[in-house]
Amino acid sequence: MKYKDTLNLGKTAFPMRGSLPKTEPIRQQKWYDNDLYNQRLAQNENKPHFNLHDGPPYANGNIHLGHALNKISKDIIVRYKNMAGFYAPYIPGWDTHGLPIEQQLTKAGHDRKSMPKSAWRDLAKDFALEQVDKQRNDFKRLGIMADWQNPYITLQPEFEAAQVRVFGEMAGKGYIFKGSKPVYWSWSSESALAEAEIEYHDIDSTSLYYANKVKDGHGILDDNTFLVVWTTTPFTVTASRGITLGADIDYSVIKPEGESRQFVLATGRLDAITPLFGWEKYETVATYKGKELDRITAYHPWDTDTEELVMNGDHVTLDAGTGLVHTAPGFGEDDFNVGKEYGLDAVVTVDEKGYMTKNAGPDFEGKFYDDVADTVITKLTAADLFLAKEKINHSYPFDWRTKKPIIWRAVPQWFASVEKFRENILSELDNVNFIPDWGKKRLYNMIRDRGDWVISRQRVWGVPLPIFYAEDQTPILDQKIINHVADLFETHGSNYWFEHEAKDLLPEGYTNEHSPNGKFKKEEDIMDVWFDSGSSWAGVMNTRENVDYPADLYLEGSDQYRGWFNSSLITSVAATGHAPYKNVLSQGFTLDGNGNKMSKSLGNTISPLDVADKMGIEILRLWTISVDTSQDMPVSNEILKQVSESYRKLRNTLRFLMANTADFNNKTDSIPFNDRAAHDQYFSVLLNNFVKDIRDSYDNYQFNDIFKRVINFVNVDLSAFYLDIAKDVVYVEAPTGNARRSMQTVFYETLTALTKLLLPILPHTAEEVWEYLPNEDTDYAYLSEMPEVHNLGDTSQLLQNWDVFMSMRDAVNKALEEARTAELIGKNAEAALTLYLTKEQHQLLTDLNANVRLLLMVSQLYVLNEEDATDATNYDGWLIAVKHAVGSVSPRDRMYHEDIGLDDAFPELSKHEADIVREFYPEAIQEGLE
RNA sequence: GGGCCUGUAGCUCAGUUGGUUAGAGCACUGUGUUGAUAACGCAGGGGUCACAGGUUCGAGUCCUGUCAGGCCCA
């Protein structure tokens, strides 16, 4: 018989390496086949609810690292909550309406204008659902435990209905109104365009300089003063209603030589501009800041019944022009915004085909907008206000399909009046907890500073605005009618709107005083997609039975302060008076290894599916808790490699624990806390505190904290200390003896606690471990409960004593290392250690009541008084002497003993070992040992 | 240009109300084991705390500015 066979060496088939890319998909299939998601929920049925409401990703394109971070983070939380006493469903969502999908259809060769709107929408729907399927498969590969069978999708009839009801609620409160706003307008395709449908080309344009005579100068400017403006779009002069100045820009009033009039220009532009007008010499009469001239008025160049209001705006620069910006609120976004602030009308003088309208005046009506520069010059010259014209070459937007230039043009739009309930929103924010806490400030500022919400879009693929027009064009915004439409959508889907006439969409027999003939028209615009996803609290929480409103948690990237956090808050406060969430957790963006933005064009992206295929999704999941997700996070192969090293350490540690508890039955072999050896009690306390800390970190969503604590616990407390000393117990001592069982009890508790605590993060690995734990009651680790924190009484003195011991151990390790370097010893077992202790140090060891020799892994330990130290060295306050051990080595425990050979049957074993072998391996007496 | 955020060892992170020679884990180097072995232990090297001013007896920690980077706007 071999000495080795009388030892209890660890044994397990759990592989050191996980082969994750291969094993994960198999394991996941098993979860999904066995509906583990619903099994867990069924088990939690009567527990308090926890509702993490999923923000819907847009159903287009491959999933990227941001998706993965988001879904994994949510999965970690939901899995933890389900194992920690909550009923926590996870209903994944998708955002499916909107322009990008229409563009995909165009790209695929479909022509929107060649088919009815409803047919186009059917194509869009099919495309969106395909994308949902694809993304769903990819999300499942991330190991996400969610209700994949029953996601919420914004194109689902019940979702659309809920959304329309939210709109109805807002309409009922008078929050919806019609206004107008400039949009990119393509006269060539007679439609509004989105940013993405525009391309820029350099073109030559005629720009004009002209003057506006002051009307009311507020006593600062007299009526012989003229404000000089510049425009690159002459046709917009017909709709000019203001002149914008920079509040802090300096303006000069100058009198050119040979001129009787005075002119105002930005001081910083005088040198560049005056030569154009032939003003070689001029006299500066005065200078003012833009803000001093605020609200002065001037005359429109030719329409002298119209006033031009002087305003201050941030968009004024001195890069070009005169520093005074001719402002036509109907023909520019900046113009519109500043005009709105000052209460100007957004006048539009061009029709949808690009021709000037009647209100441009008789000289312009009927002319194409781009052909009126000469007319404008003629009119300016006639009024003696024309100063110069200049050809400029600049970048100008074009319709990407017709390749014709576009214009900014105000068109009627539907708005949600944020202004009317802004204060409600802001005060609701005080009831929301933000993680990180600056999120509240960020969202607060955005809501405070934002304008009304333009909710209409001149598109096809979306939820129609459920508004009708009476014969006299009066819009009908009646909550009852809107709810009627919602009911229709709930049954038939929103395509019903496009497939039917207004009369079929209105309640039967509906009449309205504005429609004496009973005729109605329906609105053609659709809703902004942010209204879709922003209504998800209603679309999901109000339509599904197993989730509560408001949600416990919204968790998204920090871009969603502008997006979903924002739109959800607005619709929810508007409709219900309350925020849709109690907690908002935001995460940063993934960056490359150098801290730069990831982008396809830079080629520095990392695909989560690639990571899954090459390293295993567990590595990416572990990565998500290894970084501070409240900030931006760098990711690189080097970083992932480091994470995979951590993973291997975790895996090996679990493996060691399994190997050494393989012959342990927790139900029959466990040793109660009070009967455990001192070191086992100590480690039990460490484990208990560890469980508490990790659970606290989960409860507070401090993922990074979990990583740090787990890594430290596993490396420092477990691997470097407890498991290291443990080998001299679990291998050597009697297999069923108290010393070994005591330690195995702690091993097993540690193993199961670690496995459960890691499960939300490493579900595949945890389930793999679970297969090696035959005495556990549940089929899956995920169906078990998180480890409880035990009350072990006041352990502070015990921990304090052990802290001192551990610092002594550090000192001893240094002493042993020196002895090793001096080639006095090789391994610790070759050492005989002498400690010369002070009274306090003596007392400490007495209080520990532990086997210190064992803990230091030396063969012999002598404890003497400090006065007796002659050849000792002081290591950090500990007097230590190292000598080579005496006696001879036992081939079984590889320690030096002075009592070897006392048992005749085992001449090479110590007495203690001989007793063990005699009792547990009696066959060795006959066979002998070698 | 504005709102919000970040910059501590090669990497990921701690650094508590400003207070002694700035910490941890990984990686690295050396070394011991070879009964966790494509593992494990021990020891060690490594940081002008982005930069520049300022407040203070004293600043990684507070203030200002600069630089670099990110999200969202304009």
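Naming convention: chains lettered A, B, ... in sequence-line order (proteins, then strands); numbering from 1 in each chain.
Nucleotides B:rC13 and B:rA22 place their C1' atoms 14 Å apart, quoted to the nearest Å. Comparing the P positions of B:rG23 and B:rG60 gives a spacing of 13 Å, expressed to the nearest Å. Distance noted for atom P between B:rU66 and B:rC26: 41 Å (whole Å). Nucleotides B:rG15 and B:rU55, compared at atom C1', are 22 Å apart to the nearest Å. Taking atom C1' on both nucleotides, B:rG47 is separated from B:rU21 by 14 Å, rounded to a whole Å. When the C1' atom is used for both B:rG44 and B:rC51, the distance is 32 Å, rounded to whole Å. With both ends at atom C1', the span from B:rC11 to B:rA74 equals 37 Å, rounded to whole Å. Separation of the C1' atoms belonging to B:rU8 and B:rC49 is 4 Å when rounded to the nearest angstrom.
Contacts of A:S558 with the nucleic acid, taken as non-hydrogen atoms under 4.0 Å apart, involve only primed sugar atoms and P, OP1 or OP2. Note on A:Y561: nothing from the nucleic acid sits closer than 4.0 angstrom, heavy atoms only. Among the heavy atoms of the strands, none lies under 4.0 Å from A:V643. Using a 4.0 Å heavy-atom criterion, one finds that A:A720 contacts the sugar-phosphate atoms exclusively. Counting non-hydrogen atoms under 4.0 angstrom, A:G10 reaches nothing in the nucleic acid.
Between A:N637 atom CG and B:rC26 atom C1' the separation is 17 Å, expressed in whole Å. Atom pair A:L443:CG and B:rC5:C1' shows a separation of 15 Å (rounding to whole Å applied). The CZ atom of A:R17 sits 15 Å away from the C1' atom of B:rA36 (whole-angstrom rounding). Rounded to whole Å, the distance from CD1 on A:I435 to P on B:rC5 is 16 Å. In this structure, the CD atom of A:Q631 is 12 Å from the C1' atom of B:rU8, given to the nearest Å. The CZ atom of A:R651 sits 18 Å away from the P atom of B:rA36 (whole-angstrom rounding). Across the protein-nucleic acid pair, A:D559 atom CG and B:rG70 atom C1' stand 11 Å apart, rounded to whole Å. In this structure, A:D632 atom CG and B:rC13 atom C1' are separated by 16 Å, rounded to whole Å.
Between the side chains of A:H912 and A:E733, at least one donor-acceptor pair of N or O atoms lies under 3.5 Å. For the residue pair A:D663 and A:Q744, a side-chain donor N or O sits within less than 3.5 Å of a side-chain acceptor on the partner.
The pair A:E830-A:K883 does not count as a salt bridge, with every side-chain nitrogen at least 4.0 angstrom from each carboxylate oxygen. Of the charged side-chain nitrogens involved, at least one lies within less than 4.0 Å of a carboxylate oxygen, so that A:K708 and A:D705 count as a salt-bridged pair. Looking at A:K814 and A:D810, no side-chain N of the basic residue comes within less than 4.0 Å of a carboxylate O on the acidic one, giving no salt bridge.
Candidate nucleotides B:rC71, B:rA27, B:rU37 were compared by shortest atom distance to the side chain of A:E645, and B:rA27 ranks first. Checking B:rU12, B:rG25, B:rC71 against every side-chain atom of A:P634, the shortest atom distance belongs to B:rU12. In the set B:rC13, B:rC40, B:rU37, B:rC13 carries the atom at the smallest distance from any side-chain atom of A:N704. The nucleotide whose nearest atom lies closest to any side-chain atom of A:L591 is, among B:rU37, B:rG69, B:rG25, B:rG69. For A:K441, the listed nucleotide lying nearest its side chain is B:rC4; candidates were B:rC4, B:rU37, B:rC11. Side-chain proximity of A:M857 to the nucleotides B:rG41, B:rA38, B:rC72 is greatest for B:rG41.
Base-pair partner of B:rG45: not found among the strands shown (Watson-Crick or G-U wobble, both distances under 3.5 Å). Remark: B:rG58 base-pairs with no nucleotide in the shown strands. Criterion, Watson-Crick or G-U wobble with two distances under 3.5 Å. Within the shown strands, B:rG65 is the pairing partner of B:rC51 under the Watson-Crick or G-U definition, both distances less than 3.5 Å. Searching all strands for a Watson-Crick or G-U wobble partner of B:rC40 with both distances below 3.5 Å returns B:rG32. Base-pair partner of B:rG25: B:rC11 (Watson-Crick or G-U wobble, both distances under 3.5 Å).
A close approach under 4.0 Å does not occur between any side-chain nitrogen or oxygen of A:R448 and OP1 or OP2 of B:rC73. Note on A:K649: a side-chain N or O is less than 4.0 Å away from OP1 or OP2 of B:rC40. Listed pair A:K440 / B:rG3 fails the phosphate criterion, with no side-chain N or O lying under 4.0 Å from OP1 or OP2.
Remark: A:W564 pairs with A:H53, A:Y554 by the ring pair (Phe, Tyr, Trp, His ring centres under 6.0 Å) rule, at least two apart or across chains. With sequence neighbours left out, A:E749 forms a salt bridge (charged side-chain N to carboxylate O under 4.0 Å, His left out) with A:R676.
A ring-ring contact (aromatic ring centres under 6.0 Å, His included) check over residues 633-658 of chain A, counting only residues at least two apart or in different chains, returns nothing.
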Please tabulate, one pair per line, each protein N/O and nucleotide N/O from nucleotides 28-35 of chain B that are separated by under 3.5 Å, including the distance.
from   : atom 1 : to     : atom 2 : distance (Å)
B:rG30 : N2     : A:E817 : OE2    : 3.3
B:rG32 : O2'    : A:G826 : O      : 3.4
B:rG35 : OP1    : A:R894 : NH1    : 3.0
B:rG35 : OP1    : A:R894 : NH2    : 3.2
B:rG35 : N7     : A:R894 : NH2    : 3.4
B:rG35 : O6     : A:P891 : O      : 3.3
B:rG35 : O6     : A:R894 : NH2    : 3.4
B:rG35 : N1     : A:R892 : O      : 2.9
B:rG35 : N2     : A:R892 : O      : 3.3

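Residue A:S719 places a side-chain atom within donor-acceptor reach of the base of B:rA36, judged by atom type and a 3.5 Å distance cut-off alone. The base of B:rC73 does not come close enough to the side chain of A:R450 for any donor and acceptor atom to sit less than 3.5 Å apart.
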Review item, side-chain donor-acceptor pairs of residues 720-732 of chain A, under 3.5 Å, at least two apart:
from   : atom 1 : to     : atom 2 : distance (Å)
A:Y722 : OH     : A:D680 : OD1    : 2.5
A:D724 : OD1    : A:K727 : NZ     : 3.4

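Two rings, from A:F713 and A:F683, have their centers less than 6.0 Å apart. When ring centroids are compared, A:W802 and A:Y682 come within the 6.0 Å threshold.
Note that CD of A:Q587 and CG of A:L69 are 4.5 Å apart. Values are rounded to the nearest 0.5 Å.
Checking side-chain atoms of A:N433 against main-chain N and O of A:N583 turns up no donor-acceptor pair under 3.5 Å.
Nearest-nucleotide positions on RNA chain B for A:F721 and A:N660 put A:N660 closer to the 5' end.
In the region residues 616-630 of chain A, proximity to RNA chain B at under 4.0 angstrom, judged on heavy atoms, holds for A:S626, A:V627, A:D628.
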